[in-house]
Asker: 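Mind having a look at this structure? Questions to follow.
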Amino acid sequence: MEFVRALCLTWLLVGGLAAAAPVVQVPEGGAGVPVVSKGVVCGPLRAGWTLATDGRTLKPPQRVDQDDARIQELKVAPSAAQCETTEERVTVIATGAFPRVDAAGTNFFPDEGRVELRGTGLDHVGIAWSGTPRGESQPQLIEGQDRCLAPSTERGTASCTVPVARGLPTDAALYWTPPHGRHGPDVTTYDAAGNVVAPETFRLRPGRVVLTQPLIQSGGVDVSRGPGSVALSHSEALASVDCGPVRCEVNEGTVSLRNVPGVDVSVTLRLRLAPRIYFARGEVLEQVLLETLPVLACPLTAVEGTVLRDAENAAMVVRLDTSCQHDPRKLLWSMNDQRARVERVVKAQDGVYVLLRTGGTSEQQVTVIAQTSRVEGSVVASDTTKTQPLPVPRASLELSDQGAIDFIPINRPAELIVASSGEQGRFVPRPVAGAYSITSRDGTTYVQGEPTAGGFVSLRFGYQVSTLPGELATTDLFIVNERVQRSVREASVPIRIESVVELVCADKEGKDEVLEPSRPHRIHYEMRNSCRVIIHRERLKPEQGTQEIVLRIDVTKADGAARGESRVEQRMLLRPQGEARTIPVPGQLSQFDRILVQVSLVADESRYALSTSDRSGLPSAQWTAIVSGGRFRLYTTATIPAGLYRATEPSGQLILNFGVVSRLALLNSEGQERLLGIEMGLMGMGLIPQSGDIEFPPTLAVVMGLSLRVPIGPGAAVGAQAWVAREFRDDITRRSDGSVIDSSRWSFIFGPSISVGNVGFNL
């Protein structure tokens, strides 16, 4: 069978090569027909063909047993004399008897490339076709012809399957040809009576056109490149299409859809085929097709870490795939039915990133939708994603020389340290006009309050995701305030007291000399009233802030008594860039007066930025100076020896004694007496009679000698004396017999004493 079909196709091909010559075909056994309208047929004729006397009319054989005898190519010429030189030809074919084709029973299967003919006399009946497929980018006309080679042998109406080209449209032009005949514009067909048959007579209109391949060629409704479209294999086969709420219309090879409501839903198409066209679903033929297709939109992805909840005026970043051909700025964006504004668009290799500014949300998840326009309303992109909780900034402030602080200084910058949020994003500090400013140096961020600011303020931060492409990496997705408020005030840093406070005294030549703190100094007596405390406010720098100090000046005498008129105690506020202030040491100072100047910062943590790691106390300083004096002191004191012992014979105890002596003592560098001194004075001795056999009469004596004296208080001292005395007394007697004892007026006495008073001067 395949060999026979190949032979027939070869014959048709050979015939097609000769298609340039006119073809005249007439059923075998039919009447004679004119081959040419003018001229003559030159011959020669094959057996069975008869040429009439007019030389133009040719009668086919009554019966043709061999197929190669059915067709012959004849020369034709204007006259018989020109037959030798003529090049004109005509092809004559003796076809089989015309069949009876049952068009209503004929089925056309364009997807399978076959025609099922119904009728009688179908053996070698040909089918010619021509048509242009729909929906192809470069459609080309398909033409061809094939024959029925093996019709069914059943009685009555037979059937035969004729192959045709696959992909023909359902409205392709089909023509049947007589057995062994041809179809074409140069073919003239006669019936058995010799009458010309019009070509339209051979037009085959099958009773049913059956589609077997899916009519819809798209896997979904593609809205990524504009209005939704669905590709069709046979758009010409549709009588109507209904898409429900979606507006749709049939175009050449496609169905266009507009107003696609969303991309998370599907679109159902109700396709109604034209009359006589059916779709084969198994053994069932349908004329109404229902197809539900998902919406194929632009791939849209919300960038992780940018979709946050509970953030006001927040922005999110979405990424459109590179396959999407829509301009993001021309789309209408919404998030959970709230309008979103396109703020920035950045193109990258992996897609187009779109920054959408929204009003924020508190929902656990959001749906982002992009529509083409308000008119069409087609949703071209959508994504549903979960939101992340709003990250909280954690910041700390530090001064380079004091450590962490809990306020914003207005007189110096503080280093701002922001802890990581633990997410993909980062917090970038933002200034607040009228409250504080932000600067950056060498990769370190600093914050400083405005000079006129006061009260409390929360630090403000912008949230950025550094992994975003281009300028999006430095764009604030939202602004958030720190949950705590910090005071805005001056940062007073504890200073070294000696850097701004000086004790100045003149030397012996009258030149001012700055005394160092924490060291003893000696002031020349003539310059004792030149000492003064100078507070250099001009040395304070603005970044050190206002300093609060307490100044104390105390002057004590050589005996330790305080000089009240010289005492000073003041509490002061030192503001930077002020004028110097001088405070003299008041009072009339004397020899060996001790000047003590103490300056300390007031312990006020609300004022000072105190280090959290060093709690050694606030700085303080003190100065000490002594007024120079003599090397000796001569003074008079009242002495009460509790008991003197008279060592000279007759010796004995002198119970009660009282006198006034002058003492010459060596002084140390601080004006204090040495232990040993020289004394001279009048002493009343033996004022109370003593017990014993010897009776010393009360007497007045001039004493002179050495003494040891230890001060026990202002003007008081205890000591021990060893004197030589000249006594002014009566005779010494014995109690036992009343006899007079022979004794000298000179004696040596010693013993302890208590001294009160210190009236004298220094030498």
Side-chain angles (χ1 to χ4, degrees), residues 99-122 125-136 139-152 157-178 183-184 198-218 230-243 248-255 269-291:
R100 296 183 63 181
V101 177
D102 182 7
T106 299
N107 297 326
F108 174 34
F109 296 85
D111 295 332
E112 298 180 0
R114 60 189 176 93
V115 176
E116 292 183 353
L117 280 175
R118 297 285 294 179
T120 58
L122 300 180
V125 170
I127 297 294
W129 64 85
S130 66
T132 303
R134 307 298 202 275
E136 295 185 1
Q140 295 182 353
L141 180 66
I142 300 177
E143 293 182 307
Q145 183 175 338
D146 209 329
R147 296 187 179 278
C148 171
L149 298 180
S152 63
T157 303
S159 63
C160 184
T161 300
V162 180
V164 297
R166 291 177 180 269
L168 287 172
T170 58
D171 57 356
L174 301 177
Y175 295 88
W176 62 269
T177 63
H183 172 78
E200 194 62 24
T201 305
F202 299 100
R203 181 68 178 264
L204 179 61
R205 294 178 174 81
R208 287 185 296 190
V209 177
V210 182
L211 303 177
T212 56
Q213 298 299 322
L215 183 62
I216 295 179
Q217 299 296 305
S218 298
V230 176
L232 299 176
S233 60
H234 296 282
S235 59
E236 76 284 351
L238 291 181
S240 64
V241 59
D242 181 18
C243 303
C248 55
E249 58 185 13
V250 180
N251 296 322
E252 189 73 19
T254 61
V255 174
L269 283 72
R270 183 182 179 89
L271 307 174
R272 183 176 294 277
L273 302 179
R276 300 185 300 107
I277 301 179
Y278 299 88
F279 180 78
R281 197 182 300 274
E283 299 295 331
V284 180
L285 299 180
E286 300 177 348
Q287 271 204 310
V288 178
L289 306 178
L290 292 177
E291 293 289 342

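Count residues from 1 along the sequence.
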Asker: Taking all atoms of both residues into account, what is the closest heavy-atom pair of Thr132 and Pro169, and its distance?
Answerer: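 The answer is O-CG, 3.5 Å.
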
Asker: Can you pull out every salt bridge (charged side-chain N to carboxylate O under 4.0 Å, His left out) where at least one residue sits in residues 160-177? Sequence neighbours excluded, please.
Answerer: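 Sorted result for residues 160-177: Arg134-Asp171.
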
Asker: If you round to the nearest 0.5 Å, how far is CZ of Phe109 from CG of Leu168?
Answerer: 14.0 Å

Asker: Please report the shortest heavy-atom distance between Gly121 and Pro99, naming the atom on each side.
Answerer: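 Minimum heavy-atom separation between Gly121 and Pro99: O-CB, 3.0 Å.
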
Asker: Hey, could you give me the CG/CG distance between Leu269 and Asp242, rounded to the nearest 0.5 Å?
Answerer: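 Output value for this atom pair is 8.5 Å.
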
Asker: Using a strict threshold of under 4.0 Å (side-chain N to carboxylate O), is an ion pair present between Glu116 and Arg114?
Answerer: yes

Asker: Do you know which two heavy atoms are closest between Asp146 and Trp129, and how far apart they sit?
Answerer: N-CZ3, 3.5 Å

Asker: Any chance you could measure Ser130, atom OG, to Gln145, atom CD, to the nearest 0.5 Å?
Answerer: 11.5 Å

Asker: Is it the case that over 12 heavy atoms from other parts of the model lie below 6.0 angstrom from the CZ atom of Arg100?
Answerer: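 No, not enclosed.
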
Asker: Tell me the salt bridge (charged side-chain N to carboxylate O under 4.0 Å, His left out) pairs involving residues 271-284, sequence neighbours left out?
Answerer: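 Counting only pairs at least two positions apart or across chains, the salt bridge (charged side-chain N to carboxylate O under 4.0 Å, His left out) contacts touching residues 271-284 are Arg281-Glu286.
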
Asker: For residues 204-217, run the donor-acceptor check on the side chains, cut-off 3.5 Å, and write out each pair with its distance to 0.1 Å, sequence neighbours left out.
Answerer:
| from | atom 1 | to | atom 2 | distance (Å) |
| --- | --- | --- | --- | --- |
| Arg205 | NH2 | Glu200 | OE2 | 3.1 |
| Arg208 | NE | Asn107 | OD1 | 3.2 |
| Gln217 | NE2 | Pro214 | O | 2.5 |

Asker: Please round to the nearest 0.5 Å and tell me the distance separating atom CG of Leu122 and atom OG of Ser159.
Answerer: 8.0 Å

Asker: So which atom in Pro110 and which in Phe108 form the shortest heavy-atom distance, rounded to 0.1 Å?
Answerer: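 Here Pro110 and Phe108 meet closest at CD-O, 3.2 Å.
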
Asker: Using atom types as modelled and distance alone, determine if a side-chain donor or acceptor of Thr254 lies under 3.5 Å from a backbone N or O of Asn251.
Answerer: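 Such a contact is absent between Thr254 side chain and Asn251 backbone.
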
Asker: Mind checking whether Tyr175 and His183 have parallel, tilted or perpendicular rings, split at 30° and 60°?
Answerer: parallel

Asker: Once rounded to the nearest 0.5 Å, what's the spacing between atom CD of Glu236 and atom CD1 of Ile277?
Answerer: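 It is 7.0 Å, given to the nearest 0.5 Å.
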
Asker: Grab the two heavy atoms, one from Val162 and one from Leu117, that are nearest each other, plus how far apart they are.
Answerer: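 Taking every non-hydrogen atom into account, CG2-CD1, 4.0 Å.
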
Asker: Drop me the distance from Gln287's CD to Leu273's CG, to the nearest 0.5 angstrom.
Answerer: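 Result: 6.0 Å between the selected atoms.
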
Asker: Of all the heavy-atom pairs spanning Ser235 and Gly253, show the shortest one and how long it is.
Answerer: OG-N, 3.0 Å

